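First the structure, in the form of structure tokens, and then the observations on it.
Owing to the predicted nature of the structure, the values given are computational and were not obtained by experimental measurement.
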Amino acid sequence: TSAPATAPPGPAGVAVAKLVSCRRAPGGVRVAAQVAQTGGRPSRFVITVSVLGPGDAPLGRATGETNQLGPGASAPLEVLVPVSGPLSGASCQLDGTAGA
């Protein structure tokens, strides 16, 4: 007796993220992004964000993970980047998006 054949999984999910906002919050800076699945099978995605000071000096970095997104779906995601001290002249940056 042979085992039933199973189809191989489809290609891994692919997503893009867009930085929506960046604001001071207790414990650091809250970075909001919109993550959209652009192809492949339903997947979870991880975004990496940074807070940069004057001269692009790194002040903090953090990651966040979406729930599972299906093809064509999108979802908001907020990430708290731990940062202490003054933030005059600071900016936020989306460093990357990857499958989880």
Side-chain angles (χ1 to χ4, degrees):
T1 320
S2 62
T6 58
V14 177
V16 295
K18 177 182 175 185
L19 189 65
V20 175
S21 69
C22 177
R23 67 185 185 280
R24 185 75 158 151
V29 173
R30 186 162 302 278
V31 179
Q34 186 73 21
V35 182
Q37 208 246 31
T38 59
R41 66 179 181 263
S43 303
R44 296 170 68 98
F45 300 95
V46 173
I47 65 167
T48 303
V49 294
S50 295
V51 175
L52 306 173
D56 290 337
L59 300 176
R61 189 175 202 188
T63 60
E65 186 174 327
T66 68
N67 290 322
Q68 183 166 293
L69 296 177
S74 68
L77 180 62
E78 288 195 348
V79 179
L80 180 65
V81 181
V83 177
S84 60
L87 291 173
S88 179
S91 64
C92 295
Q93 173 178 294
L94 179 64
D95 296 324
T97 307

Which hydrophobic side chains are connected to Val46, either touching it within the sub-4.5 Å cutoff or through other members that do?
none

Side-chain cluster (under 4.5 Å, hydrophobic types only) that Val20 belongs to, other residues:
none

Could you go through Cys92 and Val49, starting from their C-alpha distance and side-chain angles, then the distance that decides it, and tell me whether this counts as side-chain contact (heavy atoms from CB on, under 4.5 Å)?
CA-CA 7 Å; Cys92 295; Val49 294; over 6 Å; no

Quick one: does any side-chain atom of Thr38 pair with a main-chain N or O of Val14 as donor and acceptor, under 3.5 Å?
yes

Pairs where residues 33-73 contributes a residue and the test disulfide bond (SG atoms under 2.5 Å apart) is met, not counting sequence neighbours
none

Residues pairing under salt bridge (charged side-chain N to carboxylate O under 4.0 Å, His left out) where one sits in residues 83-100, two or more places apart or in two chains, turn out to be Arg61-Asp95

Please tabulate, for side-chain N and O atoms in residues 65-86, each donor-acceptor pair with protein atoms closer than 3.5 Å (sequence neighbours left out).
unit_1 : atom_1 : unit_2 : atom_2 : d
Glu65  : OE2    : Arg44  : NE     : 2.5
Glu65  : OE2    : Arg44  : NH2    : 3.2
Thr66  : OG1    : Phe45  : N      : 3.0
Ser74  : OG     : Gln34  : NE2    : 3.2

Reference residue Gln93; test side-chain contact (heavy atoms from CB on, under 4.5 Å); the match among Leu52, Val51, Leu19
Leu52

Passes side-chain contact (heavy atoms from CB on, under 4.5 Å), Val31 versus Ser21? Steps please.
CA-CA 6 Å; Val31 179; Ser21 69; over 6 Å; no

Taking side chain to side chain contact (heavy atoms under 4.5 Å, CB included) as the test, write out the residues that go with Ala17, two or more places apart.
Val35, Ile47, Leu94, Thr97

